[in-house]
Amino acid sequence: MDGMHYEGMVIRPPSEANSIILQVTVGCSHNKCSFCGTYKGERFRFKDERIIDADIRYAAQNLSFLRRVFLADGDVLIMPQPKLRWILNRIREDLPWIQRVGLYGNAKSILRKSSEELQELRSLGLGIVYLGLESGDPQVLREIHKGAGAERMIEAGRRIRAAGIKLSVTVLLGIAGRERSLTHARATGEVLSAMDPNYVGALTLMILPNTQLGDKVKRGEFELMEPMELLAELGEMLRHTHLSQGLFLANHASNYLPLKVRMPAGKDEALALFDEALGGRVRLKPEWLRAL
Ligand code: SF4
């Protein structure tokens, strides 16, 4: 065997850096978000089961030092239940030491599954779902063509939690532009509070040239925000986010102020840090360190 079979660009959440990346779909079933260029030009499809099977056997022989599996690409949860069941069972058979399987899901794919189906996936090893919320502001969600409004996002997030699966939600700083920044921050905090995820990852928007948003920037229709404005947005979002228990992370390479807040205990201290940073008393990451 000659290694894992990867096609196209394979991405994974930062927290899955030490996972076996098993690519079971190619592309993203939605593929319409205005800021995303990851799978442009890629037609979404399920990979052949023989290839998946060969990759699981390869991982069994060569990657037994890794404890987690991440199923790529975008939105693997859209797979029909029998296919997902088969994949999770194959992982259990050949990689019995695996402690957690993770994947990306969007609101549509989550809501297409019944509670029983999600619980079944949980019992077969699915331990975490990564959901891209980006914003809780209905206007922003429409503008970026996310494919779901705030209510559906909340319902989807709650479904995952109710099935006993961990939920990690990504939000985007700067996605609303300058004028709507604080509205976006508050609405996003409110939606996060309603979902009550285990993890929140706040990333800073990076403009990619091959996207609709990239074109808007070129035409002067979308304004990029300054580091201090992004920081104020992040602070406002955190202020409006109430989690019963979880981690709020803004430590991705694209963020200016690395932050890891254990909620709810660490929130006040973090907000105080924001006030200091906004007052210019904490150094921000210089621009050249920001490259991904
Ligand atoms: S759902 Fe995710 S991968 Fe798909 S287009 Fe949107 S941001 Fe990109």
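Residue numbers run from 1 in the order of the sequence given. Predicted model only: the values in this text are computed from it and were never measured.
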Sequence neighbours excluded, the answer for side chain to side chain contact (heavy atoms under 4.5 Å, CB included) partners of Ile11 is Met9, Thr38, Tyr39, Tyr104

Does a salt bridge link [X] with [Y], judged by any charged N lying under 4.0 Å from a carboxylate O?
X      : Y      : result
Asp215 : Arg219 : no
Arg100 : Glu16  : yes
Asp53  : Arg50  : no

Taking the side chain from [X] and the backbone from [Y], do they hold a donor-acceptor pair closer than 3.5 Å?
X      : Y      : result
Trp97  : Leu66  : yes
Glu42  : Cys28  : no
Ser135 : Leu141 : no
Arg239 : Gly189 : no
Asp55  : His5   : yes
Lys108 : Ser29  : no
Arg178 : Leu224 : yes
Ser193 : His240 : yes

Checklist entry - Any link between Phe248 and Leu182 through a network of hydrophobic side chains (Ile, Leu, Val, Met, Phe, Trp, Tyr) touching at under 4.5 Å? => result no

Quiz item: If we only count heavy atoms from C-beta on, is the Leu118 to Leu126 side-chain gap below 4.5 Å?
Solution: no

Taking the side chain as every heavy atom from C-beta outward, state whether Ile128 and Asn198 have any atom pair closer than 4.5 Å.
-> no

Heavy-atom neighbours of Glu93 CD exceed 12 at 6.0 Å: yes

Other residues, nucleotides and ligands only: do more than 12 of their heavy atoms fall within 6.0 Å of CZ on Arg90?
yes

CD of Glu117 to CD1 of Ile110, rounded to nearest 0.5 Å, is 13.0 Å

Only one of [options] clears side-chain contact (heavy atoms from CB on, under 4.5 Å) with [X]; which?
X      : options             : result
Leu103 : Asp75, Leu22, Leu84 : Leu84
Lys47  : Asp73, Val26, Val24 : Val26
Ile91  : Val69, Ile52, Ile20 : Val69

Under 3.5 Å, which donor-acceptor pairs link side chains of residues 143-153 to any protein atom two or more places apart or in another chain?
unit_1, atom_1, unit_2, atom_2, d
Glu143, OE2, Gln139, NE2, 3.2
His145, ND1, Gln212, OE1, 3.2
Lys146, NZ, Glu134, OE2, 2.8

Could you go through residues 159-172 and list every donor-acceptor pair under 3.5 Å that involves a side-chain atom there, pairing it with any protein atom two or more places apart or in another chain?
unit_1, atom_1, unit_2, atom_2, d
Arg159, NH1, Lys113, O, 2.5
Arg161, NE, Asp196, O, 2.9

